[in-house]
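Excluded from the calculations below are hydrogen atoms, water molecules and symmetry mates; all remaining heavy atoms, backbone and side chain alike, are included.
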Amino acid sequence: MNAADQLSMLPPQEVSLDVLREKYAKGDETSVADVRRRVATALAALETPERRAEFTERFLWAQEQGFIPGGRINSAAGLNIKATLINCFVQPVGDSVTGVEDGLPGIYTALAEAAETMRRGGGVGYDFSAIRPFGSLVRGTRSRASGPVSYMELFDASCKTVESAGARRGAQMGVLRIDHPDIEAFIAAKDLGGLSNFNISVGVSDAFMRALEADAPFALVHRAEPGEDAVAQGAYRRADGLWVYREVPARALWEKIMLSTYDHAEPGVLFVDRMNEENNLWYAEELRATNPCGEQPLPAYGCCDLGSLNLTCFVDDPFGPDAAFDFERMREVAAVAVRMLDLVLDATEWPLPQQAAEARAKRRIGLGFLGLGSALVMLGLRYDTHEGRALAARIAEALRDAAYAASCELAREKGAFPLFEAARYLEGRFVARLPEALRDAIRVHGIRNSHLLSIAPTGTIALAFADNASNGIEPPYSWTYQRKKRMPDNSMRSYQVEDHAWRLYRRRSPALDPDPDAALPPQFVTALEMSADDHLRMLEAVQPFVDTAISKTVNVPADYPYADFRDLYSEAWRAGLKGLATYRPNAVVGQVLGAAPQADSSAPPDEDPLRKRFEKRPLGELESVTSKIEYSTQEGRKTFYLTVSFIRVEGVSEGRPVVIERPFEFFMPASQRTDGQQWITSSMRLLSMLARAGGPVAKALADMRDVVWEKGPVRCGTLTREDGVEVPVFHDSEAAAVGFMLQRILVRRGFLDSQGNQVPVTQLSRQLAARGVAPLSAAPAASASPAFSTSPAFSASAGKCPECGARALRKLDGCTRCDNCQYVGECG
């Protein structure tokens with residue numbers, strides 16, 4: 001009896017049934033068999049009429065034997081809905097605000113395209129490197145740029161708000177090249193838990209790695225012209241037209257990446273030159289980013305559908321004396337899987353026409369596997385040994401050859417992908433490693449799919465369709481553990497989950513001690529029981545047989561020494577890998593899985609009312625504050641109104657129910673949306689999206705106050721000195737002034753403290769209780785700002801006051817003093 005038969009005999013786990021029903025079973029479907037039949041029928045419908053019945057049964061057989069189509073396919077195939085069947089996308093992002101420049105869509109254009117992709121169910125990766133660095137010139141508006149990290153926050157807020165098809169939230173990968181002048185800000189972007197809807201990775205070049213090995217300086221460069229301050233500090237233009245903003249020690253920059261990923265698991269690293277050197281389409285595209293989990297390096301508008309073979313289904317006589325892996329059956333199933341994934345490209349709804357065109361031209365698919373760790377256990381092999389890695393490499397090689405052979409046969413039947421050029425394709429480094437017979441077949445018949453292999457993370461499909469066989473290429477996390485899962489009502493539920501291999505072993509040994517770790521054979525080794533180097537060596541063994549990439553996390557325990565950790569990524573580069581991600585349990589991201597059950601508590605779990613998400617505006621009235629804003633610039637005086645609406649939200653804090661008030665909508669009345677103030681309307685919409693999603697409003701407003709332009713200071717609002725005298729406040733841009741005035745509204749409302757920081761939930765609750773439930777009066781309008789003055793006391797060359805923002809700092813009696821607000825700073 002093989003493992004596929006034994007899988008059907010095991011009673012399903014509760015978590016497997018719940019995941020299946022929540023994510024994949026649709027309508028009247030109640031079982032795995034129902035989902036498989038729907039998928040097989042939907043894909044076979046694209047074959048010729050006379051062969052549809054034949055392929056329906058063939059596709060159903062392949063799934064019963066271990067092929068699991070990707071989550072998007074299982075959740076949407078055959079349903080006639082506008083959801084995509086594709087897991088992986090890369091969205092290009094340019095440096096302009098809108099439109100298209102140098103072939104790349106502008107930032108807000110890209111934001112809209114990505115939102116549409118996520119709404120249809122796709123995960124999206126981006127390379128933000130084209131966006132000009134913080135402080136660089138924006139000649140069209142005579143202002144200075146805010147940098148890529150600030151724009152990433154817009155994409156993060158959009159992802160929070162956009163509901164993906166199939167009841168799944170959007171997923172994103174943000175990439176920045178290591179030579180971008182804002183790379184240090186990017187590395188630190190998630191230090192305090194920000195960008196929570198992003199995975200982030202640094203795109204590392206071979207040039208940087210060579211500088212690192214030589215302990216040499218490394219230039220941070222960009223095509224955008226730097227601001228005057230950067231030029232004054234030594235920025236210069238190279239012969240290739242790029243501006244060198246500054247040079248940094250390569251080792252110091254690398255240390256920042258290592259410390260960040262050691263502390264909170266990000267950023268990951270993508271070796272972008274290696275990705276391109278190994279690309280089958282090296283002659284037709286450039287790879288700059290990956291999908292959210294890193295297993296698919298893709299070009300602009302690139303896309304790929306995924307599927308996995310459950311390797312435990314090909315283990316005959318598991319745990320027995322004749323345990324063996326059935327390579328021949330795996331090859332047969334793989335050939336059918338390639339045909340199914342190729343059909344997905346024709347069956348899917350495409351979010352964007354650019355993605356459809358890209359897919360038609362290249363026909364990328366990504367066949368991989370799951371359950372490697374569990375299969376090795378069933379075969380009596382340890383994951384962290386040479387024997388385990390050798391078998392994994394044999395499996396990957398056999399899968400590669402079967403997939404490429406099947407794609408050649410499809411090319412004979414249906415034609416090669418349109419961008420196929422035999423001579424150039426065969427020159428590719430990966431294709432050059434194929435057996436000569438396969439290369440000859442490609443030369444004669446072509447190949448249907450430009451890329452065929454990808455090992456993805458398979459958490460939920462492994463739970464729903466494979467009885468919790470190990471995830472992708474990973475070893476088992478634990479033989480039994482508690483898994484936290486977010487429920488539809490946003491609460492968290494814990495399940496007792498058991499590893500598939502462990503369940504099979506217990507079935508064979510019913511007298512086994514109830515202790516899950518008692519009397520287990522030596523091949524039962526978990527992710528945290530092996531060294532980081534053992535994880536790395538498994539990647540090194542399998543990657544040569546995968547034409548795209550592998551999503552793998554090197555798990556290390558919380559007490560793993562940093563001295564042992566810091567060289568992992570350099571070793572990955574030397575081993576020829578395309579990238580690496582690590583995970584060490586930490587306070588910022590916590591952990592989804594817990595090896596030990598959590599203790600029961602009579603107190604209700606905390607539910608932060610600041611983070612509670614609202615899908616739409618509730619019916620009825622919301623209390624609101626409208627403030628008249630008047631400010632002056634060198635261009636004259638401007639006036640408009642801003643309105644903030646508030647909502648009362650219930651939650652639990654420190655085990656007690658609370659009710660707080662928080663902002664819900666920001667807007668400017670429509671009659672004021674002149675051409676010069678459309679950016680304010682856009683900002684209000686994004687702030688509203690962030691507020692409804694429970695995002696960090698305080699941080700967003702603080703970031704607005706950092707926006708800089710080159711039209712001179714903006715005079716808006718007042719600051720009260722200790723002696724009671726009000727003095728005007730100066731800002732670096734209109735956006736900064738608006739951010740300040742919105743802060744003042746929220747300060748007066750009690751939502752922010754006097755410095756613009758978030759007031760804690762308990763204090764917000766006490767404030768609201770003290771005010772009662774009666775309607776609150778609007779806050780007084782901001783003080784009118786007098787006309788802008790060009791008094792010599794306010795000079796562009798003077799220092800900026802940290803208190804009021806005026807360019808009015810000067811030295812007086814050895815101390816720094818502001819002529820506007822009388823602030824006294826450092827002395828001596």
Worksheet item: Is the shortest side-chain N to carboxylate O distance from Arg223 to Asp102 below 4.0 Å?
Response: yes

Worksheet item: Counting N and O atoms only, with roles assigned by atom type, does the side chain of Asn280 sit under 3.5 Å from a partner on the main chain of Ser450, one being a donor and the other an acceptor?
Response: yes

Practice prompt. Report yes or no: is the cationic atom of Arg144 (NZ for Lys, CZ for Arg) under 6.0 Å from the centre of the six-membered ring of Phe134, at an angle within 45° of the ring normal?
Written response: no

Item to complete: Taking Arg584 for its side chain and Tyr262 for its backbone only, find out whether a donor-acceptor pair lies under 3.5 Å.
Response: yes

Discussion item. Quick one: does any side-chain atom of Ser150 pair with a main-chain N or O of Gly147 as donor and acceptor, under 3.5 Å?
Written reply: yes

Item to complete: Using the test salt bridge (Lys or Arg N to Asp or Glu O under 4.0 Å), find all partners of Asp567 that sit at least two apart in sequence or belong to another chain.
Response: none

Item to complete: Could you tell me whether a side-chain N or O of Asp179 sits under 3.5 Å from a main-chain N or O of Val221, the two making a donor and an acceptor?
Response: no

Fill in: salt bridge (Lys or Arg N to Asp or Glu O under 4.0 Å) partners of Glu278, counting only residues at least two apart
Arg429, Arg433

Worksheet item: Is Asp127 reaching over with its side chain to a backbone N or O of Ser129, donor-acceptor style, under 3.5 angstrom?
Response: yes

Practice prompt. Examine distances only and state if a side-chain atom of Asn276 and a backbone atom of Val272 form a donor-acceptor pair shorter than 3.5 Å.
Written response: yes

Worksheet entry | Aromatic ring proximity, centroids under 6.0 angstrom, His731 and Phe740 | yes

Worksheet entry | Backbone N/O of Leu453 and side chain of Asp547: donor-acceptor pair under 3.5 Å | yes

Worksheet item: So do Ser136 and His222 actually touch side chain to side chain, heavy atoms under 4.5 Å?
Response: no

Fill in: Exam field: side chain Asn291 to backbone Gly294, donor-acceptor pair closer than 3.5 Å
yes

Practice prompt. Report yes or no: does Arg246 contribute a side-chain atom to a donor-acceptor pair with the main-chain N or O of Ala219 at less than 3.5 Å?
Written response: no

Worksheet entry | Test applied, side-chain hydrogen bond (donor to acceptor under 3.5 Å, both in side chains); reference residue, Glu358; option that passes from Gln354, Lys362, Gln355 | Lys362

Worksheet item: Aromatic ring centroids of Phe155 and Phe198 under 6.0 Å?
Response: no

Worksheet entry | Glu540 with Arg574: basic N within carboxylate O range, under 4.0 Å | no

Worksheet item: Thinking salt bridges, do Arg364 and Glu285 make one under a 4.0 Å N-O criterion?
Response: yes

Fill in: Donor-acceptor pair, side chain of Gln543 and main chain of Val546, under 3.5 angstrom
yes

Fill in: SB check Glu295 Lys552 (cutoff 4.0 Å)
no

Item to complete: Could you check Gln172, Gln91, Arg288 and say which one makes a side-chain hydrogen bond (donor to acceptor under 3.5 Å, both in side chains) with Tyr126?
Response: Gln172

Worksheet item: Which is it for Arg132 and Glu225 under the salt bridge (Lys or Arg N to Asp or Glu O under 4.0 Å) test, yes or no, and what are the steps along the way?
Response: CA-CA 8 Å; Arg132 64 190 63 196; Glu225 183 178 351; over 6 Å; no

